[in-house]
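Only one structure is covered here, and it is reproduced in the block below.
Computed over heavy atoms, backbone and side chain alike; hydrogens, waters and symmetry mates excluded. Only a predicted model underlies this, so the values are computations on that prediction, with no experimental measurement involved.
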Amino acid sequence: MGADQNIDWRMAAASALEWWRDAGIDSLVDEAPRDWTAAPVAPVVVPEQRARVAAVAEPVVLPLPRTLEDFLTWRAGDDAPEADWRGDPIGASGDPSADIMILTDVPDREDGDSGSLFGGPVGKLFDRMLAAIGRSRESVYIVPMCSKRPTAGRIAPEIEQRIVEVARHHVALVKPMRLLVLGNAPSRALTGMDVAHARGSLHPINLEDGMPAVTVDVVASFHPRLLLERPADKARAWKDLQMLIAGLSA
């Protein structure tokens, strides 16, 4: 019987130790009395420490320039979102006072050689699209969302929000009568939808961005690089171009 009592005592002790471990007790003694079962108390952070933590967690984002001239200078400078990417930046081209602004996503590989957007076969198709509506590169304003080509060829999610903010600010500064967005990234930035859902309708978009409100009519369509892969969609792209120029003077 003595042996059975010894086994029961060991089992009871093990059970008690297991309960205290589950309760969060990690030592047998402490320098001061404490309630071992109380919820842990959050450490006190003095204002100076809180300020340092906030500075590390939330980098300061300076307001975007309020004039087009200053904005374009900033866009090509060291504070631009993609300033530390490889390659030379390719900025906006054409006439910023034109009634039509065209927003694309990123430069193509061929654009780095020419130093301008829409180079190579994509550019040739783009020029034919403009000619079909009586326009040329000089009579529209062409802007990339990214001034450099990302390594993967598309805008990374961690930088997309800032790139969208910059693109919308650019549109608000230019105030075009019509904006043609080519491809899914520009379409999502302005209409909140991919091209497949946004095309076929004129989207009046209100842009404020800390400035007087600006309303721009947006037309979404396929990027020329996609039309080279899917020629059957050229007929639908032609309808988008007709919508783009409807009601505008030649």
salt_bridge(Arg149, Asp111) N-O dist < 4.0 Å: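 A salt bridge is absent here (no side-chain N lies under 4.0 Å from a carboxylate O).
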Pairing of Asp194 and Arg188 as salt bridge, 4.0 angstrom limit: yes
Determine whether a donor-acceptor pair (N or O, by modelled atom type, separation under 3.5 Å) exists between the side chain of [X] and the backbone of [Y].
X	Y	value
His223	Arg225	yes
Glu110	Pro121	no
Arg178	Ala246	yes
Arg168	Ala189	yes
Ser139	Arg135	no

Distance, nearest 0.5 Å, that separates [atom1] of [X] from [atom2] of [Y]:
X	Y	atom1	atom2	result
Arg75	Leu72	CZ	CG	9.5 Å
Asp105	Ile163	CG	CD1	11.5 Å
Ile102	Phe118	CD1	CZ	7.0 Å
Ile133	Leu241	CD1	CG	5.0 Å
Arg199	Asp233	CZ	CG	8.0 Å
Cys146	Ile155	SG	CD1	4.0 Å

Can you see which heavy atom on [X] is nearest to which on [Y], and at what distance?
X	Y	value
Val174	Pro96	CG1-O, 3.3 Å
Ile159	Pro81	CD1-O, 3.5 Å
Ser201	His203	O-CD2, 3.3 Å
Thr191	Ala198	OG1-CB, 3.6 Å
Met129	Pro224	SD-CG, 3.9 Å
Leu207	Ala172	CD1-N, 4.0 Å

Residues forming a ring pair (Phe, Tyr, Trp, His ring centres under 6.0 Å) with Phe71, sequence neighbours excluded: Trp74, His169, His170
For residues [X] and [Y], determine if any side-chain heavy atom of one lies less than 4.5 Å from a side-chain heavy atom of the other.
X	Y	answer
Pro144	Ile90	no
Ser147	Glu82	yes
Leu117	Pro107	yes
Val171	Met101	yes

Using a 6.0 Å cut-off, check whether atom [atom1] of [X] has over 12 heavy atoms from anything other than its own residue.
X	atom1	result
Gln161	CD	no
Asn206	CG	yes
Arg154	CZ	no

Polar side chain donor-acceptor pair, Glu69 to Thr67, under 3.5 angstrom: no
Same apolar cluster: Met243 and Met193, side chain cutoff 4.5 Å: no
Residues in salt bridge (charged side-chain N to carboxylate O under 4.0 Å, His left out) contact with Asp70, at least two apart in sequence or another chain: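 Checked Asp70 against salt bridge (charged side-chain N to carboxylate O under 4.0 Å, His left out); zero matches.
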